Amino acid sequence: MRRLIIAIDGPVGAGKSTVARRVAELLGYLYLDSGAMYRALALAALRAGVPLADAARLEALAAQSRIELQSDPSSGGRLRVLLNGEDVSEAIRSAACARAASQVAQHAGVRQHLVAEQRRLGAAGGVVMEGRDIGTAVFPDAHLKIFLDASVEERARRRLSDHRSRGENIPFEQMLAEVRERDRRDRTREVSPLVRAPDAVYLDSTALEAEEVARLIALLARRRSGEAG
Ligand code: DC
């Protein structure tokens with residue numbers, strides 16, 4: 001069976017990470033979270049005091065920074081994110097980092113650096129990569145593309161519980177406003193905005209468990225890899 005490149009795109013809170021990690025586990029593939037790379041760069045920028053609107057300095061920072069994703073299929077796809085050798089897997093999950101990531105991701109030069117690295121990581125196949133532009137820009141020839149969506153209220157609820165589990169308490173109305181703002185930025189930016197690829201399978205996870213969605217995607221992948229020989 002051919003080892004596929006599976007692209008899972010969608011807005012914030014649609015369940016991409018949980019689903020992509022589980023699909024990778026079911027298939028014995030590598031799980032790669034492209035958003036973690038934008039978050040790691042955002043963290044580097046916040047620490048270095050680089051303004052998030054300064055495209056030239058952010059691009060230089062992207063060129064200098066070593067951002068690595070280490071995925072281990074044997075540990076349920078747990079992903080470690082390294083910034084210049086430092087494990088920043090937890091640090092990049094703060095609400096401040098999420099906000100900053102969606103701003104650094106606006107810049108074409110930044111994206112060029114990170115997309116090149118994403119292509120290198122996924123080129124051999126046997127990967128599930130999640131993000132916003134995987135099926136449209138990073139791997140337009142991906143063997144299986146999924147666009148994972150959910151209602152904005154459900155996505156805000158999921159984000160809220162992610163943050164709560166890390167001890168960050170944010171009122172629901174504020175979370176909803178932040179999710180809407182990130183949607184707006186991700187969907188309207190000039191470079192590689194979040195759009196559904198015409199050949200992507202659209203899945204609405206509002207009323208589905210992550211496990212159900214993951215099994216459905218794994219089934220589609222097995223069919224497709226059989227077809228691909
Ligand atoms: O998936 P996430 O929330 O961890 O992503 C953080 C930010 O990075 C998100 O606001 C948009 C950006 N991003 C992107 O522009 N392209 C990707 N392929 C992945 C994430």
Side-chain angles (χ1 to χ4, degrees), residues 5-21 31-46 52 55 58-59 61-62 65 67 69 71 79-81 83 88-122 127-140 142 145-150 152 155-156 158-163 166 168 170 175 177-197 200 205 210:
I5 295 176
I6 302 176
I8 302 186
D9 291 303
V12 55
K16 298 187 299 297
S17 300
T18 314
V19 166
R21 196 179 295 117
Y31 160 62
L32 295 168
D33 172 7
S34 64
M37 299 175 75
Y38 291 94
R39 285 171 180 259
L41 183 66
L43 181 67
L46 291 173
L52 302 175
L58 286 171
E59 190 179 337
L61 192 65
S65 307
I67 297 170
L69 298 184
S71 163
L79 186 84
R80 281 196 340 139
V81 186
L83 172 64
V88 293
S89 315
E90 279 304 311
I92 61 169
R93 296 294 157 198
S94 70
C97 219
R99 230 172 278 132
S102 108
Q103 293 176 61
V104 306
Q106 306 284 314
H107 305 294
V110 163
R111 302 195 70 87
Q112 242 172 23
H113 280 283
L114 299 190
V115 166
E117 179 61 10
Q118 289 153 17
R119 289 195 178 129
R120 196 186 65 75
L121 289 171
V127 294
V128 183
M129 190 176 290
E130 62 144 305
R132 303 290 189 288
D133 62 340
I134 309 306
T136 52
V138 181
F139 289 113
K145 300 180 186 179
I146 306 292
F147 192 93
L148 191 58
D149 207 352
V152 70
R155 295 188 288 113
R158 290 177 189 172
R159 266 293 127 117
L160 209 58
S161 81
D162 284 352
H163 285 293
R166 276 190 300 278
E168 281 184 289
I170 302 170
M175 196 72 240
E178 280 193 23
V179 166
R180 287 209 163 104
E181 173 56 19
R182 284 183 63 195
D183 277 356
R184 189 195 60 74
R185 235 186 263 136
D186 291 348
R187 290 181 203 268
T188 60
R189 68 167 170 244
E190 278 177 34
V191 232
S192 304
L194 171 66
V195 284
R196 176 181 158 193
S205 75

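Everything quoted here is computed from the prediction, not taken from an experiment. Atoms within each ligand, like the ligands themselves, are counted from 1 in listed order.
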* Asked: Do Cys97 and Tyr38 have side-chain heavy atoms sitting under 4.5 Å apart?
  ->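 Of all side-chain heavy-atom pairs linking Tyr38 with Cys97, none is under 4.5 Å.
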* Is Lys16 close to Arg132 at the side-chain level, that is, under 4.5 Å between some pair of heavy atoms? ->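 A side-chain contact under 4.5 Å exists here.
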Look at [X] together with [Y] and state whether they make a salt bridge at an N to O cut-off of under 4.0 Å.
X      : Y      : result
Arg196 : Asp149 : no
Arg159 : Asp162 : yes
Arg93  : Asp33  : yes

Measure the distance from [atom] to every protein heavy atom, then report the residue, atom name and distance (to 0.1 Å) of the closest one.
atom                    : answer
atom 18 (N) of ligand 1 : Asp133 OD1, 2.8 Å
atom 1 (O) of ligand 1  : Arg132 NH1, 2.9 Å
atom 8 (O) of ligand 1  : Tyr38 CB, 3.5 Å

Using a strict cut-off of 4.0 Å, indicate which atoms of ligand 1 neighbour a heavy atom of [X].
X      : answer
Ala105 : 12 (C), 15 (O)
Arg182 : 2 (P), 3 (O), 5 (O), 6 (C), 7 (C), 9 (C), 10 (O)
Ala101 : 6 (C), 7 (C)
Ser34  : 17 (C), 18 (N), 19 (C)
Gly131 : 18 (N), 19 (C)
Ser102 : 10 (O)

* Might you work through the side chain to side chain contact (heavy atoms under 4.5 Å, CB included) test for Val81 and Arg39, ending with a clear yes or no? => CA-CA 10 Å; Val81 186; Arg39 285 171 180 259; over 6 Å; no
Any idea which part of [X] is under 4.0 Å from ligand 1, heavy-atom wise: side chain, backbone, both or neither?
X      : value
Arg189 : side chain
Asp186 : side chain
Arg111 : side chain
Met37  : neither

When only distance counts, is [X] in polar contact with ligand 1, meaning an N/O pair under 3.5 Å?
X      : answer
Gln118 : no
Lys16  : no
Arg39  : yes

* Spacing of Arg119 atom CZ and Ile134 atom CD1 [to the nearest 0.5 Å] ->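 Reported to 0.5 Å precision, the distance equals 9.5 Å.
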* **Leu32 CG to Ile6 CD1 distance, which is reported to the nearest 0.5 Å** =>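 The distance works out to 11.5 Å.
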* To do: For Arg185 and Ser102, test the side chains for any donor-to-acceptor distance below 3.5 angstrom and give the result as yes or no.
  =>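 There is such a pair (donor and acceptor under 3.5 Å, judged by atom type) between the side chains of Arg185 and Ser102.
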* Take Phe139 and Lys145, measure what side chain to side chain contact (heavy atoms under 4.5 Å, CB included) needs, and give me the verdict at the end. => CA-CA 9 Å; Phe139 289 113; Lys145 300 180 186 179; over 6 Å; no
* To do: Give the single entry among Ala7, Gly35, Pro11 that approaches atom 20 (C) of ligand 1 most closely by any heavy atom.
  =>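 Selected option, by shortest heavy-atom distance: Gly35.
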* Asked: Yes or no on side chain to side chain contact (heavy atoms under 4.5 Å, CB included) for Ile146 and Val19, after CA distance, side-chain angles and deciding distance?
  -> CA-CA 11 Å; Ile146 306 292; Val19 166; over 6 Å; no
